[in-house]
Amino acid sequence: MLGRIYAFALNTFREAIRKRFLIAIAILVVGTNMFAAVLGQMSLHEEARVARDVGLWSISFFGSMTAIILGVLLLYSEIQKRTIHTMLSKPVERYEFVLGKYLGMAFTLGLLVAVFTLAMASILFLRELEITDTMFKAVVLSYIEVMVVAAIAILFSSFSSPVLSGVLTGSLWFIGHRTPELVRIIDSAELGLFRVVARGTLFVVPDLHAFAISGSTVDGEHVSVHSSFVGWDYVMTAVGHGLFYIGLFLVLAIAIFSRRDFS
Amino acid sequence: MSAQDNRAETSDPADNRAETSDPADAPDTLASGPAPDQAVIWLDDLAKTYRAPFTGKRIEALRGISFAVGHGEVFGFLGPNGAGKTTSIRILMGLISATRGRAAIFGQPVPSRRARQRLGFLPEAPYFYEYLTATEMLDLTGRLFGMNRQACRKRAGELLERVGLEHARNIPLKRYSKGMLQRAGIAQALISDPDLVVLDEPLSGLDPAGRRDVLDIIRSLRDEDKTVFFSSHILTDVEHVSDRVAILASGRIRAIGALSELLDDRAQGVEVRLRLPDRAEPAEFGGSAIGAVEDNGEVVATLAPDDILEDYLARALEAGARVVSVIPRRQTLEELFIRCTRSDAEPGHGEVEVR
């Protein structure tokens with residue numbers, strides 16, 4: 001089983017890294033970090049904060065966008081190009097195929113996040129700004145966020161077109177970053193119906209805000225999340241939250257994909 | 001449309017999926033072929049109904065087909081476009097679910113991973129990952145069969161040589177011609193040295209040399225005691241390599257059996273090719289001959305089985321004609337195919353006794 005999943009993962013990785021748009025995104029991230037360095041120089045004693053803020057934001061944002069683009073095409077292109085006929089006619093289970101595709105995407109996104117992190121760290125190093133290990137906590141959280149987004153994308157890709165999957169995944173990504181607003185709605189006694197809707201949404205949508213990083217408060221000990229200082233225990237909790245949703249979305253994707261006809 | 005929708009067509013939920021049935025419970029005799037426990041491929045009352053999008057109209061792609069393919073057979077699966085050939089094959093490959101009926105491969109219920117363990121499959125108009133080279137594609141396929149890297153490489157080398165692609169082994173598949181892709185597809189179907197090879201339209205899109213090569217591969221697989229199940233439109237080629245054939249039309253089996261059983265081997269008449277003296281007509285020599293003068297000045301006269309060939313030839317020779325050739329006419333697979341498939345328009349006609 002592991003060998004077959006690995007074979008699919010390796011093939012997905014091979015396919016992804018040969019896509020030209022990934023090079024374009026990597027260049028975009030490097031450019032954004034360089035722009036952040038210039039922007040920091042114009043700020044008043046906030047050079048480090050701006051560079052970290054923009055660097056971490058670019059990892060989270062461009063990583064998530066890449067996950068959406070790769071994820072919505074992952075299963076759809078296999079079905080559209082009929083390569084799935086060749087693959088699923090082999091002695092494989094459909095869940096192995098979905099897991100292999102997801103793991104291949106995880107390798108690809110991991111490589112991208114590493115490149116993004118390297119770009120950010122390089123800029124900080126060249127500007128002689130402090131690079132702390134806690135910054136890498138932020139990177140870990142960003143990577144988990146990207147993987148959650150990828151799992152959402154693969155779920156929608158298991159039954160809908162890339163455009164619809166992209167819209168749905170993008171919507172969940174947007175809502176997932178608005179969980180503090182949803183909590184405020186729930187806390188408000190005057191908005192009864194909205195409270196119910198907000199409570200339901202909070203239950204279904206992963207809390208992506210939990211992975212949102214503010215580089216301004218990286219202080220050598222903690223990573224700032226939700227405006228409060230947190231340590232590894234918070235990071236681990238957030239990772240657990242992310243892994244739960246990754247598992248949930250993959251199980252749903254497998255359940256749908258396993259029942260599909262491939263005419 | 002989802003498989004779930006399709007399965008909703010049946011009244012009995014127990015019949016919904018082919019995998020729920022055990023082939024061992026099947027009746028001992030099917031319409032044709034070996035007993036279920038000895039069959040390589042076994043289908044029992046297999047049906048598939050689609051529901052058209054928007055209109056919701058039911059489309060019966062397969063209406064309950066039953067047959068079995070035995071070990072070592074080369075089995076030709078024939079039918080016009082839309083007859084249900086590819087639907088049947090996709091059910092066997094586990095790509096779509098049956099609405100009704102049961103199927104098994106090597107005694108393993110379909111769909112299941114075990115049923116696909118000993119088979120190699122070439123899909124119709126195969127599509128592969130175009131960014132891969134043939135070697136990489138074979139490596140991927142081999143690993144799905146549990147082969148290690150070394151075994152994949154060794155086998156890939158042998159197969160690429162066998163299908164004539166050794167010169168293109170490191171070229172991305174996107175640069176392959178259609179014929180080369182077909183050969184690469186056959187190579188991936190054979191990577192695990194399967195006991196059963198299922199080929200969906202393996203001859204389509206190939207030039208004559210390519211067709212000959214594919215037919216040679218099918219023959220060599222038979223020599224290796226493999227079972228080959230293939231669909232095709234090219235009837236003359238099917239006739240040359242098949243031990244048995246099934247003709248499918250409108251989702252039903254119209255004829256099935258060995259070619260020697262299906263085709264009437266009695267002469268249907270005799271075709272006489274003559275070079276005539278000026279102003280002579282082939283009908284002048286008696287019999288029920290009819291003919292037309294061809295561009296090269298020769299005439300092809302067709303004699304009915306009742307006509308006496310010796311008398312006809314004697315009269316033609318007396319009249320100064322020169323006999324170019326005398327060929328007995330026998331029923332061809334094409335004639336049988338047309339007869340079976342014409343019944344689409346005329347229900348009740350054209351069915352051939354199933355053996």
Side-chain angles (χ1 to χ4, degrees), chain A residues 1-22 73-101 103-104 108 158-161 252-263, chain B residues 1-7 17 48 50 61 86-87 89-99 108 111-132 136-137 139-148 152 172 184-185 188-189 191-192 194 198 200:
Chain A
M1 179 186 80
L2 290 179
R4 294 187 292 273
I5 292 174
Y6 174 74
F8 285 130
L10 183 64
N11 187 49
T12 306
F13 180 71
R14 268 182 181 152
E15 181 180 12
I17 58 170
R18 292 176 197 188
K19 287 187 190 298
R20 287 181 186 164
F21 88 90
L22 287 188
L73 292 171
L74 205 64
L75 298 179
Y76 180 83
S77 61
E78 293 270 359
I79 297 164
Q80 196 67 13
K81 292 179 181 173
R82 296 188 181 178
T83 43
I84 203 157
H85 290 174
T86 313
M87 291 297 107
L88 293 186
S89 58
K90 303 294 177 282
V92 298
E93 301 287 358
R94 290 191 182 185
Y95 75 84
E96 295 171 343
F97 183 76
V98 176
L99 287 181
K101 299 294 283 183
L103 281 182
T108 310
S158 68
F159 64 86
S160 66
S161 69
L252 288 173
I254 288 166
I256 295 168
F257 190 74
S258 297
R259 296 182 67 80
R260 280 195 68 172
D261 271 358
F262 299 109
S263 298
Chain B
M1 189 177 69
S2 73
Q4 195 176 7
D5 293 337
N6 297 329
R7 287 193 289 271
R17 286 190 77 99
K48 178 68 180 176
Y50 292 101
T86 297
T87 299
I89 290 175
R90 285 181 183 162
I91 290 173
L92 286 171
M93 296 303 113
L95 296 170
I96 58 178
S97 57
T99 311
Q108 301 294 336
S112 69
R113 197 176 77 78
R114 282 176 300 162
R116 297 190 291 273
Q117 187 65 51
R118 291 167 64 192
L119 75 82
F121 173 52
L122 171 73
E124 183 184 13
Y127 293 88
F128 304 112
Y129 300 107
E130 56 182 22
Y131 49 86
L132 296 180
E136 288 172 336
M137 191 255 289
D139 181 66
L140 168 64
T141 312
R143 282 166 184 265
L144 298 179
F145 279 95
M147 297 166 67
N148 62 33
C152 284
Q188 65 83 33
I191 188 76
S192 63
V198 178
D200 194 1

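As a basis for the values below, the full set of heavy atoms in this structure was taken, side chains included, without hydrogen atoms, waters or symmetry mates. Below, chains carry the letters A, B, ... as their sequence lines are ordered, and counting in each starts from 1. Nothing here was measured: the structure is a model prediction, and the numbers come from that model.
Contact annotation for A:L10: neither backbone nor side-chain heavy atoms come within less than 4.5 Å of a heavy atom of chain B. Using a 4.5 Å cut-off between heavy atoms, A:F159 does not touch chain B at all. With a threshold of 4.5 angstrom between heavy atoms, A:R18 approaches chain B through side-chain atoms but not through N, CA, C or O. With a threshold of 4.5 angstrom between heavy atoms, B:L92 does not approach chain A through any atom at all.
Not a single side-chain hydrogen bond (donor to acceptor under 3.5 Å, both in side chains) links A:R14 to another residue, sequence neighbours left out. With sequence neighbours excluded, the residues that form a side-chain contact (heavy atoms from CB on, under 4.5 Å) with A:L99 are A:I5, A:Y95, A:L250, A:I254.
In the model, B:Y129 has a side-chain atom that pairs as donor or acceptor with a side-chain atom of A:E78 under 3.5 Å. Of the N and O atoms on the side chains of B:Q117 and A:K90, not one donor lies less than 3.5 Å from an acceptor on the other residue.
Side-chain contact between B:R90 and A:S263: present, with at least one pair of heavy atoms (C-beta onward) separated by less than 4.5 Å. Contact annotation: the side chain of A:L88 never approaches that of B:M93 to less than 4.5 Å [non-hydrogen atoms, C-beta and beyond].
The backbone N or O of A:P91 sits less than 3.5 Å from a side-chain atom of B:R113, completing a donor-acceptor pair.
The OG1 atom of A:T86 lies 8.0 Å from the CE atom of B:M137; values are rounded to the nearest 0.5 Å. Note that the CZ atom of A:R260 and the OG atom of B:S97 stand 12.0 Å from one another [nearest 0.5 Å].
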